[in-house]
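In what follows, chains carry the letters A, B, and so on, assigned in the order in which the sequence lines appear, proteins first and then strands, with residues in each chain numbered from 1.
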Amino acid sequence: MIYIENNSTDPFFNFALEYYLITEKQLPEDQVFIFWRTEPTLMIGKYQNTIEEINEDFAKQNGIKVVRRITGGGTIYTDMGGWQFSFITKGLAETIDFNKYIGPVIEGLKKLDVPAEFNSRNDLVIHGKKFSGNAQCMLNGYTLHHGSLLFNTDFEQMVKCLTVDDYKIISKGIKSVKERVTNISEHLKNPIDTNTFRKLMVESIMQGSRAEYKLTAADLERINAIAREKFASWEWNYGKSPKFNITRTGRFDGGKMEFKLDVNNGKISDCTIYGDFFGTMDIKVLSEALIGTTYNKESIKKAITAVDIKQGFYQINVDELADIIC
Amino acid sequence: MKKNVQMPKLGEQMETGVLAAWNKEAGEVVKKGEVLFEIETEKVVSEVESMESGVLEEVFFEAGDEIKVDEIIAVINCD
């Protein structure tokens, strides 16, 4: 096993590094190990529907990055208070095996006197509370296993960017998350900081070996290109979303309005509008303007601006209408 | 000769898998070793390669379908 020191906290770069090692670099060693972390980020499972998983407004306002993984599973929130680990192993596993990769992580935690266990849902728990999620993919003849470790993560932010904007739901959510999820740092007998934790975990997992591959300038150039072209792109993060239906309802002075939208690969593919709104405009003009539009506020605003909504809707402006739709 | 493509069993516990995406379309030529489709089981995305070369003659499922292990997903005509 060989270690790659990766101090980037950019999730796009970090996922691009894994991808580069699997699809282009293909180091001669059987296994590569990386231990890394990110700025506040929402990581979406490969086949999840990004728009349905996250509170996009909150994420945008707070500069939280959104990135789709190449592995399965659900959405997680990561920040500088947590760590991610990746094992990239040559060869495709005959059968799916999580223990092989999680075993060394549990060992490392036991050395710190943390009573970590593996449960039946492929999660790592301490006293029944989850602190790690794990996922895999088999790609290009390689098995990638990566997982998260909550060390000192901000659970309040985690809940806020994963739930709808409602004060009551958020406060309930925070309570419920604190009952189910835990930070490793809460279980340490001798407190250590986030960086010391990393050092001790890497030493334990590498079993004292100092075998290390240092990324070259040429490597970095390719990784940055993959980060930019693939992992930071709208097409990858939103465009790949499976087809879904959404219903949005809004009330305004002029009446009530409901939008039924089909969204396919991030774009509105069908739109029907219902309501008791007041106006002289043929409502079809609006639905036709929306079909083909990317399902985000900016694009929707642009599409609506092209339609003279004053004729159709009494006392409602473009911003308000866009807020209802998206 | 026609060969069936079945849902592989990737783990002891696996009973079904979700066909996450097709990499080939019906009617397309496929080569042995090319990725036919991707499946997702509990937290794992796997590429499934074609065991045969030929034409992907019929596909019985689309992306998003949950399929039982061993069920026939597609037929490849190897002639």
*Name the option with the most non-hydrogen atom pairs under 4.5 Å to chain B; the candidates are A:T71, A:L139, A:D97.*
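Ranked by contacts with chain B, first place is A:L139.
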
Side-chain heavy-atom pair [X], [Y] within 4.5 angstrom cut-off:
X: A:Y47; Y: B:V18; value: no
X: B:T41; Y: A:I96; value: yes
X: A:M138; Y: B:V44; value: yes

*asked:* Which heavy atom of B:K43 sits nearest to which heavy atom of A:F98, and what is that distance?
replied: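 Heavy atoms only, the tightest pair is CB-CZ, 4.3 Å.
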
Sequence neighbours excluded and cut-off under 3.5 Å, please list the side-chain donor-acceptor pairs for residues 58-66 of chain B, or say none.
{"from": "B:D65", "atom 1": "OD2", "to": "B:E62", "atom 2": "N", "distance (Å)": "2.8"}
{"from": "B:E66", "atom 1": "OE2", "to": "B:T16", "atom 2": "OG1", "distance (Å)": "2.7"}

*Please flag which part of B:E40 lies under 4.5 Å from any non-hydrogen atom of chain A: side chain, backbone, both or neither.*
side chain

_For B:K3, is the NZ atom crowded, meaning more than 12 foreign heavy atoms sit under 6.0 Å from it?_
no

_Separation between OH of A:Y142 and CD of B:E47, rounded to the nearest 0.5 Å_ = 13.0 Å

*For chain B, which residues from residues 81-91 of chain A lie under 4.5 Å away (heavy-atom distances)?*
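Against chain B, none of the residues of residues 81-91 of chain A fall inside the cut-off of heavy atoms under 4.5 Å.
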
*Using a heavy-atom distance cut-off of less than 4.5 Å, which residues of residues 12-36 of chain A contact chain B?*
none

*Non-hydrogen atoms of chain B under 4.5 Å away: do they reach the side chain of A:L144, the backbone, both or neither?*
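Contact with chain B: none, neither part.
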
*asked:* Quick check on the structure: residues of residues 4-14 of chain B within a heavy-atom distance below 4.5 Å of chain A, by number.
replied: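 Listed by number, the contacting residues are B:L10, B:G11.
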
